[in-house]
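The structure under discussion appears below in the form of structure tokens.
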Amino acid sequence: MPRYNPATIEKKWQAYWEEHETFRSPRLPSGEKLYVLDMFPYPSGDGLHVGHPEGYTATDIICRAARMRGRSVMHPMGFDAFGLPAEEHAIRTNTPPRESTERNVANFRRQLKMLGFSYDWSRELATTDVEYVRWTQWIFLQIYDTWFDEALQRGRPIVELPIPAEVKAAGDAAVRRYQDEHRLAYQSEAPVNWCPALGTVLANEEVVDGKSERGGHPVERRPLRQWMLRITAYADRLERDLDALDWPESVKLLQRNWIGRSTGAEVDFYIGEGGTGGSPTSADLPIDVGSGLSTGGQATSGTPRDVRASHDRKPSEAAFVAWKAARAKSRYPKKPGEDVLRIYTTRPDTLFGATYMVIAPEHPLVDRLTPAARRESVEAYRQRAAAKSDLDRTELAKAKTGVFTGAYAINPVNGKPVPIWIADYVLMSYGTGAIMAVPGHDERDYEFAVQYDIPIVAVVDPGLEADVDRNAVLAGREVFTGNGVAINSPGYEGEVTPAFKKKITADLATQGLGREAVNYKLRDWLFSRQRFWGEPFPILHELDAAGNKTGLVRAVEERDLPVNLPHLDDYKPHGRPEPPLDKSPEEWLYPVIDGKRYKRETNTMPQWAGSCWYYLRYLDNENAERMVDPEVERAWMPVDLYIGGAEHAVLHLLYSRFWHKVLYDRGVVTTPEPFAKLVNQGMILGEVEMTGYRDAAGAWVSAREVKFGEDNTPVRKADGQAVEAVKIDPANAEKHGEGFVLKGNAAIQLESRAFKMSKSRGNVVNPDQVVREYGADALRLYEMFMGPLEATKPWSMDGVSGVRGFLDRAWRMIIDDRADDVRLSAAVCDDALSAEQNRVLHKTIKAVTEDIDRLGFNTAIARMMEFTNYFTKLDRRPRAALAPFVLLLSPFAPHIAEELWEALGHRESLAYEPWPTWDEAALVEDSIEVPVQVNGDDARGGEGGREDRGAIGGEADREGAGGAGAAGVFCGEVRGAGLGARGAARSGDWAQREYDIRRATHARIKWEYGLGTGSLSCSCFGRNGHDLRDDPH
RNA sequence: GCCAGAGUGGCGGAAUGGCAGACGCGCUGGAUUCAAAAUCCAGUGCCCGCAAGGGCGUGAGGGUUCGAGUCCCUCCUCUGGUACCA
């Protein structure tokens, strides 16, 4: 047998680890703890993807090495097991989703164990476990029980929420409603994708181009009562606390942008008292456009000619003046009154350039503002906008649309009336749902203004430096969004943008017209799904005598958790937009408590819920009393290293952080952040494919003549004719210039690239098959050897066989592969290490150790290959080098390492053997070549700081340096201390030579010394290969 | 559009501002073999040259530096993310 046979070795050691519970972590760490977490997988029916073991191997290496270095390691695994595919399967097969889920989990578990990861399997969990769901629901109740205290910036129990006297006076129900309005979990109407044909609500990703992904049926948006989580309350903290995290900057940036904090100002524009649209009141007399408040010369108030009408609704100057005076006394109100349109802007410095305003179609003031004469067109526009999905509003609709409401607001800074439009490029959900439009200095406003022929007034002078045509900007023919100097802004002329913003914001505040404001792109988290296969909400709706909901809810008592999913006779949609749980059995759906009948909440939680806190449950997964014992939590948290895919950079990581912060505020956890260090593994693509194209006639078409049309089919650029993509055997391709061409036909460019693995492309690599053919150790090693962990990289089966070759060589280096049993190779001996062998060993130890620390697994493996190449060549291979090598290899390829360790005479697993250490002194080479750059008139070496080479080089007058003076004389001065190898050579051991290198193109100095004695030999090469030693100066 | 990351041999990739291409794949030659596989040895960036040797080389162009794959600026290409957030 003793050829390397992973199939037997791997099974053997997996059984050993399992039997000995080798990787069980203690309840509490002893000594320094290390919590290393993998993003747990969704157990799909397809089994493990080769992308999974990439991060899992990386963390496993870290953990195994850390154990050997004496750390107490927590390394658990589990399953994110709720999810759509299981429910789809349930509908198709009419079996409970739990069944297929458990099957898939079992398969994933088998595959993970097959790869030899050192998880503590006793901590395994699945988010679908009934006991896990209990605590997910419990956390939801914590969130439900919490309100956010803005002053303290902290979540607090709802009982601590101050209740205003008038609410208290209105009675118990009013108090409860008031509390409900302030909870972090609250109900709200939110649109869902309702597909009448399928009779079900679809997730966003199931809707493609406004049609259902399955079947292509029309999808409409319908408002439905849903649960929301008030993540926006934590926006500030979620953003601020990113600073201290050891996360990739790109991920932090992604989260910052997602949170999207902006500072600016809210400003109130006066719209006049009064009535519900229609005819003007006494306060808002019709004013002829172009007269009155508008200033001469400039393009008046910007009402498009064709929509001007005398019955438009415009506040009178007198009313405005009165309002302004009142405001100066009353200050700026928290909530805008009926008489103003409140807008949010990040550019208060451009207030003087506002030539129109836009409110979102859903804005509550639309009705009130629109005069009767314009009702029709406004209403029509609103309906069109409402019918559009989010997608239509953005991608498809490039051109901006809108309609004039017929109303005007008065610009508070100059008293000018400004026409108010509605347009769907303004979103009700951001800011105040209304903007002042400054087409001169905002891209979107500019586009809109051009579209509807609205005047454009420049109020920021870009100056000459800016990247725009200044004259065009000043003339309103080009938009400029940068900072500049204020113009056309009476009272603020010449102010530079940042100072102007501050100043006018302060001025508006003193006049009670505005205030500084902060806004976030982040929206509250839509936390319910109309699905069966998710955690039920532990919420009961009160019913009145007639069986209708009263609007009041109560939480399920903690002792009654978990609320389990009911048994359903079938999982088919019931054809209404309400969640599937609506067809639950009566006894589940309508519990009776204290004689009162309730209806259970039938929405379920989204898949994110379970993954928000699993890292906490691992620590104490069998605790029936608490979600996690505080003592255990304090000892192990935070997670020291979290590795997973970049696709979770925003949502999962933001949601987890949010839950964690709520739990922190409520005293359940002790760290403000869950994941101290985060690393994203790169994507693994399929094997590189070579593609050529042929037209209908079968003639080759060069890849550069091909473009991709809609639906992503290739067509010829010239005539749009469809072409066929043909897979090309690499043997029929050759490199030509930048890319590949058809062999023998350089005119035909081919396309060479790797694609994402997908079933449809047929390029999915199955880990089971790789393990069968090459072994788990080879798969692990290959995944680490492919390239940097964070990089996207293509798969290559040849690469797998390459690392397998390394394992074979490592095996033969130690084992006699011709013997019948596992026996050491005859070359293995007990000799002492020669200086050179010792150096190779210590170099390897150092490199591998340091590479693991910086997650440079590919180079660590390269160093071990070098070790093997060196020692395999020797006829006598000392154990003293082989044994430490096996330990170094063990985190990467643990099965073969255990087997080799055993062959070397050890009886126990190497899992807790001390990690090898290196001795710097052993690394010193007694002969090094030092390159010296010579460059004619002024050749000096580097800074002289580099440990192994800096001794030569650096300016001539620098200590420990050699160099060439301006005259072109090379001074080879070498000091032993410059080597940085402590004790190997003492300072003072130096030699000096000078060579004339005026004719030299490069020089090479070879420095040889024994310990303590320095000597230098130098070869400098001139243009003709002339050795300059022959020509000393 | 915007944001982020990346462009180095035939391929995957190495290289704290200091000999570009470590290591692996592939390829070429040799040993072993009846033969093949496997294994071992040698070679392998490109161009010129029998050779010695020489020239050119890290997406393009500029710059900083004694010295740039590495730092700065401009541009090109690719990958990923994102979509009117006022």
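Comparing the same atom, C1', in B:A20 and in B:U70 gives a spacing of 11 Å after rounding to whole Å. The same atom, P, is picked in B:A86 and in B:U79; the two are 30 Å apart, to the nearest Å. Going from the P atom of B:U16 to that of B:C71 covers 11 Å, rounded to whole Å. The gap from the P atom of B:G9 to that of B:U74 amounts to 25 Å, rounded to the nearest Å. Only the C1' atoms considered, B:C72 is 44 Å distant from B:U28, to the nearest whole Å. Only the C1' atoms considered, B:A6 is 15 Å distant from B:G12, to the nearest whole Å. Comparing the same atom, P, in B:A37 and in B:G80 gives a spacing of 40 Å after rounding to whole Å. Between B:A22 and B:A14, the distance separating the two P atoms is 13 Å to the nearest Å.
B:C71 and B:G63 make up a base pair, with Watson-Crick or G-U wobble contacts both under 3.5 Å. Of the nucleotides present, none pairs with B:A20 by Watson-Crick or G-U wobble criteria with both distances under 3.5 Å. B:U79 is paired with B:A4 under the criterion used here, namely a Watson-Crick or G-U wobble arrangement in which both key atom distances are under 3.5 Å. The base-pairing partner of B:G10, taking Watson-Crick or G-U wobble contacts with both distances under 3.5 Å, is B:C25. For B:G49, there is no paired nucleotide, since no Watson-Crick or G-U wobble pair has both relevant distances below 3.5 Å. Nucleotide B:C40 forms a Watson-Crick or G-U wobble pair with B:G30, both donor-acceptor distances falling under 3.5 Å. Across all strands shown, nothing is found opposite B:C84 as a Watson-Crick or G-U wobble partner with both distances under 3.5 Å.
Closest contact between the side chain of A:Ile435 and the listed nucleotides B:A42, B:C23, B:A86 involves B:A86. You'll find that the side chain of A:Leu253 is closest to B:C3, out of B:C25, B:C3, B:U39. Proximity note for A:Lys793 (side chain, C-beta onward) versus B:G13, B:C3, B:C84: the nearest is B:G13. For A:Asp424, the listed nucleotide lying nearest its side chain is B:C84; candidates were B:C84, B:G80, B:A86. Residue A:Ala862 places its side chain closer to B:C23 than to any other of B:A42, B:G12, B:C23. The side chain of A:Pro788 has B:A14 as its nearest neighbour among B:A14, B:G80, B:U39. Distance from the side chain of A:Lys873 is smallest to B:A42 among B:A42, B:G10, B:A15. In the set B:G10, B:C40, B:C84, B:G10 carries the atom at the smallest distance from any side-chain atom of A:Phe740. In the set B:G13, B:C84, B:C23, the nucleotide with an atom closest to the side chain of A:Phe785 is B:C23.
The cationic group of A:Arg753 lies under 6.0 Å from the six-membered ring centre of A:Phe755 and within 45° of the ring axis, placing it in a cation-pi geometry.
At B:A86, one or more side-chain N or O atoms of A:Ser262 fall inside 4.0 Å of OP1 or OP2 (strictly under the cut-off). At B:U39, none of the side-chain N or O atoms of A:Arg3 fall inside 4.0 Å of OP1 or OP2 (strictly under the cut-off). The shortest distance between the side-chain N/O atoms of A:Asn858 and the OP1/OP2 oxygens of B:G24 is not below 4.0 Å. Remark: A:Lys735 is in phosphate contact with B:C11, judged by side-chain N or O atoms under 4.0 Å from OP1 or OP2.
Across the protein-nucleic acid pair, A:Glu447 atom CD and B:C2 atom P stand 13 Å apart, rounded to whole Å. If you measure from atom CH2 of A:Trp811 to atom P of B:A38, you get 20 Å, rounded to the nearest angstrom. Following rounding to the nearest Å, A:Met865 (CE) and B:G13 (C1') show an atom-to-atom distance of 12 Å. Rounded to a whole Å, the CG atom of A:Leu807 is 16 Å from the C1' atom of B:A38. Rounding to whole angstrom units, CZ of residue A:Arg809 and C1' of B:C41 are separated by 13 Å. Taking atom CZ on A:Arg812 and atom P on B:U39, their separation rounds to 6 Å, with Å as the unit. B:G10 atom P lies 18 Å from atom CG of A:Asp798, rounded to whole Å. To the nearest angstrom, C1' of B:A22 lies 18 Å from OH of A:Tyr870.
Contact annotation for A:Phe806: no contact, since no heavy-atom pair falls under 4.0 Å across all strands. A:Thr346 comes within 4.0 angstrom of sugar-phosphate atoms only, judged by non-hydrogen atoms across all strands, and of no base. Among the protein residues, A:Gly799 comes within range of no part of the nucleic acid, since none of its heavy atoms lies under 4.0 Å from any strand. Using a 4.0 Å heavy-atom criterion, one finds that A:Asn869 contacts the sugar-phosphate atoms exclusively. At a threshold of 4.0 angstrom between heavy atoms, the contacts of A:Arg863 include nucleobase atoms, whether or not backbone atoms are also involved. Counting any heavy atom pair closer than 4.0 Å across all strands shown, A:Lys252 reaches no nucleic acid atom. As judged by a 4.0 angstrom heavy-atom cut-off over every strand, A:Arg804 is placed among residues making no nucleic acid contact.
The base of B:A86 has none of its N or O atoms less than 3.5 Å from a complementary donor or acceptor on the side chain of A:Arg347.
If you check the side chains of A:Asp816 and A:Ser825, you find no donor sitting under 3.5 Å from an acceptor. For A:Tyr425 and A:Thr401, the side-chain atoms include no donor-acceptor pair closer than 3.5 Å. Using a 3.5 Å distance cut-off with no hydrogens or angles, the side chains of A:Thr505 and A:Arg515 do not pair a donor with an acceptor. A donor and an acceptor atom, one from each side chain of A:Tyr430 and A:Ser262, are located under 3.5 Å apart. Judged by distance alone, the side chains of A:Tyr774 and A:Arg804 never bring a donor and an acceptor atom under 3.5 Å apart.
Ranked by how close their nearest RNA chain B nucleotide is to the 5' end, A:Ser796 and A:Thr872 are led by A:Ser796. A residue-by-residue look at A:Arg753 and A:Pro794 shows that A:Pro794 has its nearest nucleotide of RNA chain B further toward the 5' end.
Taking the six-membered ring for Trp, A:Phe448 and A:Tyr356 have ring centres closer than 6.0 Å.
Across A:Tyr381 and A:Asp424, no two heavy atoms sit closer than the pair OH-N, 3.0 Å.
In textbook terms, a nucleotide whose glycosidic angle is within 90° of 0 is syn, and B:G9 is one such case.
At a threshold of 4.5 Å between non-hydrogen side-chain atoms, the residues A:Lys252 and A:Gln255 do not count as touching.
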**Report entry** Stepwise salt bridge (Lys or Arg N to Asp or Glu O under 4.0 Å) test for A:Glu54 and A:Lys793
**Finding:** CA-CA 11 Å; A:Glu54 192 190 12; A:Lys793 35 205 183 288; 2.5 Å; yes
